[in-house]
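One structure is given here, and the rest of the page talks about it.
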Amino acid sequence: MSEISCTYLVVGGGIAGVSCAEALVFLANPKDNIVLITESSLVKAATNSVSLGKVLTRFDVEEVEASSLTGNIRVIEDTLVRVESEAHYVITARGNKINYRYACLCLGAHPKLIELAAGNPNVIGIRDTESVQEFQKRIKNATRLAVVGNGGIASELVYEITGVEVHWIIKDDYISSTFVDSGAARFFHERLTCKGEQKSVIKRMRYSEEKAETSGKRKPGAALGPDWHRTVDISGKLKDVPSSVMIHYHTEIEEIVSQSEGFPLQLRMSDGKILECDLLVSATGVTPVTNINCDKDFRLGPDNGLWVDWEMATSVQDVYAAGDVCSAGWEWASHWFQMRLWTQARQMGSMAARAMAAKRAGETIYQDFCFEMFNHVTQLFGYQVVLLGRYNGQGLNDQYEVLLRMTPGLEYIKFVLVDGKLQGAMLIGETGLEETCENLILNQLDLTPYGEDLLDPNIDIEDYFD
């Protein structure tokens, strides 16, 4: 057993862990050591960051060699086994004992497979890079695919896949319900039924692991980034045939039967239909990785994540957490709520770094301004999607007014107002309204005098409020 000592220990090579370690390089004393434990030689780093407003930021998530991280970060490719919080050290799978002053757990989350799929080799849960690589290999010989789930990954997958017949099974009234409303779903549906655009080429360095797996077991990886589908070929066997997408609304899978002849899987659905397919992709959310062997029990939040306060500190002394693994336990600002997205993973990782560095230096800090308002930029069905504040009226008890403007094939703009004040906005397409909406939500300006002119296409509201 080798013994290592550090001031800051970060566990996890996803966007939360890497953001935390990189922030510590700038915030901590240069003499303090930073150790990053990652289960893979590849980690996720935020790059090409572009500020779209006070809190809203668009960025890429790139997969890079862990050894390429700059600053006084020591990367150890290993797996956490046990935390001894009283003595301030951890034990790893390779027998390392790592002494720490402060630790931040960024363990992420597991894909949540549908219960009926346990152990079935023709059911794949997509969450991290490795699961996408497995899916990429399996789909090459497939002609019919079933996708279960209605969030971001399922939506991107259904849109980007080619050369295969796709059956999208959702239990909701409309597609992409995790992010958007029924109006935006109709806007997206037009793009889904006439997929004419080609994938844009991502010109960036790609990395892969060269080490052979001695155990024969796939190592887990970090969560996917916002443009994962643009860097891999996810095409089926029907190379010269356009993909068709059939959506099964209000439907769930009731039984999965493996077959020795014909298609490998037979799905019996709640609407009474029988569907045969080569492969079933489960993209039905995630479960935080909280099965941590520790000398003290962690307090858990209502969603079974590690409970953290606004400084990202857990209930265990000097142990912090960030990203998908944690549950935000502080009193939220009126326009913020938690979703397990790479945007919040990055923000939480940086906040944990600030808190640990400040505690080490004996300084007082305040919560980062990004937690004043929910903010997320992503890409769905080939469109830029910006979500701000209570963009779907979350937590407003249906006591709100909605203003809409839609130009088919171009943009979809939705404002959520309460008593004339903007509480949230959904901006799909290149609207140019990101900073204006952000300001209006944060300033809570009374917009009653402007009425429906707010979204009059002949009026540039940026001129009024920027």
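Source: prediction; values computed, not measured.
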Please examine the side chains of I161 and V147, heavy atoms only from C-beta on, and report whether any two atoms are closer than 4.5 Å.
no

Would you sort out whether R346 and S49 count as a side-chain contact (heavy atoms from CB on, under 4.5 Å), showing the intermediate values?
CA-CA 11 Å; R346 183 183 184 223; S49 178; 3.6 Å; yes

Between SG of C437 and CG of L387, what distance do you get to the nearest 0.5 Å?
11.5 Å

Checking the side chain of D368 only, and the main-chain atoms of C370 only, is there a donor and an acceptor separated by less than 3.5 Å?
yes

Side chain proximity check, I169 to L267, heavy atoms < 4.5 angstrom
yes

Side chains of N304 and T287: any donor to acceptor distance under 3.5 Å?
no

So which atom in F337 and which in G389 form the shortest heavy-atom distance, rounded to 0.1 Å?
CE2-O, 3.4 Å

Run the side-chain contact (heavy atoms from CB on, under 4.5 Å) check on D173 and Y249 step by step: do they pass?
CA-CA 6 Å; D173 298 331; Y249 296 101; 6.0 Å; no

To the nearest 0.5 Å, what is the distance between CD (E438) and NZ (K54)?
6.5 Å

Would you say the side chain of L42 lies within less than 4.5 Å of the side chain of E65, judging by non-hydrogen atoms?
yes

Nearest 0.5 angstrom please: S67 OG to E77 CD, how far?
10.0 Å

Say whether, by atom type as modelled, one donor and one acceptor occur between the side chain of N96 and the main chain of R94 under 3.5 angstrom.
no

Please identify which of these residues, N141, N122, T143, meets the side chain to side chain donor-acceptor pair (under 3.5 Å) condition with D278.
T143

Using salt bridge (Lys or Arg N to Asp or Glu O under 4.0 Å), reason through R340 and D303 one step at a time and then give a plain yes or no.
CA-CA 11 Å; R340 285 181 167 81; D303 57 3; 2.8 Å; yes

Take D295 and S85 through the side chain to side chain donor-acceptor pair (under 3.5 Å) test and state the conclusion after the steps.
CA-CA 7 Å; D295 60 338; S85 63; 2.7 Å; yes

Hey, does the side chain of Q344 reach the backbone of M339 with a donor-acceptor pair shorter than 3.5 angstrom?
yes

Check: Y383 ring centre within less than 6.0 Å of Y412 ring centre:
no

Tell me if the CZ atom of R74 is crowded by more than 12 foreign heavy atoms within 6.0 Å.
no

Would you indicate whether the side-chain heavy atoms of W342 and K44 approach each other to under 4.5 Å?
no

Going through the distances and angles, do T378 and L341 end up as a side-chain contact (heavy atoms from CB on, under 4.5 Å)?
CA-CA 10 Å; T378 188; L341 304 166; over 6 Å; no

So, E276 side chain and R144 main chain: donor-acceptor pair closer than 3.5 Å or not?
no

Steps toward side-chain contact (heavy atoms from CB on, under 4.5 Å) verdict (M312, W330):
CA-CA 9 Å; M312 311 310 299; W330 65 87; 4.0 Å; yes

Answer yes or no: is there a donor N or O on one side and an acceptor on the other, between the side chain of S68 and the main chain of A66, under 3.5 Å?
no

Nearest non-hydrogen partners of M426 and A184, listed with the distance
SD-CB, 3.8 Å

Side chains of F374 and Q394 in contact at under 4.5 Å (non-hydrogen atoms)
no

What is the ring orientation for W336 with W332, classed by angle as parallel under 30°, tilted 30 to 60°, or perpendicular over 60°?
perpendicular

Nearest-0.5 Å distance that lies between atom CG in N29 and atom CG in N72
9.0 Å

Please name the pair of heavy atoms, one in E84 and one in Y100, separated by the smallest distance, quoted to 0.1 Å.
O-OH, 4.1 Å

Using 0.5 Å steps for rounding, measure from the CG atom of N33 to the OG atom of S5.
8.5 Å

Do E372 and L442 make a side-chain contact, defined as non-hydrogen atoms from C-beta onward lying under 4.5 Å apart?
yes

Give me the atom names and distance for the closest heavy-atom approach of I365 to W310.
O-CH2, 3.3 Å

What class does the angle between the rings of W168 and F381 fall in, given that below 30° is parallel, 30 to 60° is tilted and above 60° is perpendicular?
tilted

Measure across G149 and A154 and return the closest heavy-atom pair with its distance rounded to 0.1 Å.
O-CB, 3.4 Å

Does NZ in K359 sit with more than 12 non-hydrogen atoms of other residues, nucleotides or ligands closer than 6.0 Å?
yes

Heavy-atom check, side chain of F188 versus side chain of Y159, under 4.5 Å
no

Might you point out which heavy atoms bring V55 and F369 nearest each other, and give the distance in Å?
CG1-CD2, 3.4 Å

Could you check whether any side-chain heavy atom of V10 comes within less than 4.5 Å of a side-chain heavy atom of E22, counting everything from C-beta outward?
no

Is it true that a side-chain atom of S270 and a backbone atom of E252 form a donor plus acceptor pair closer than 3.5 Å?
yes

How about F26: does its CZ atom have over 12 heavy atoms from other parts shown lying under 6.0 Å from it?
no

Please report the interatomic distance OG1(T7) to CZ(R101), rounded to the nearest 0.5 Å.
9.5 Å

Main-chain N/O of L388 paired to N375 side chain as donor or acceptor, under 3.5 Å:
no

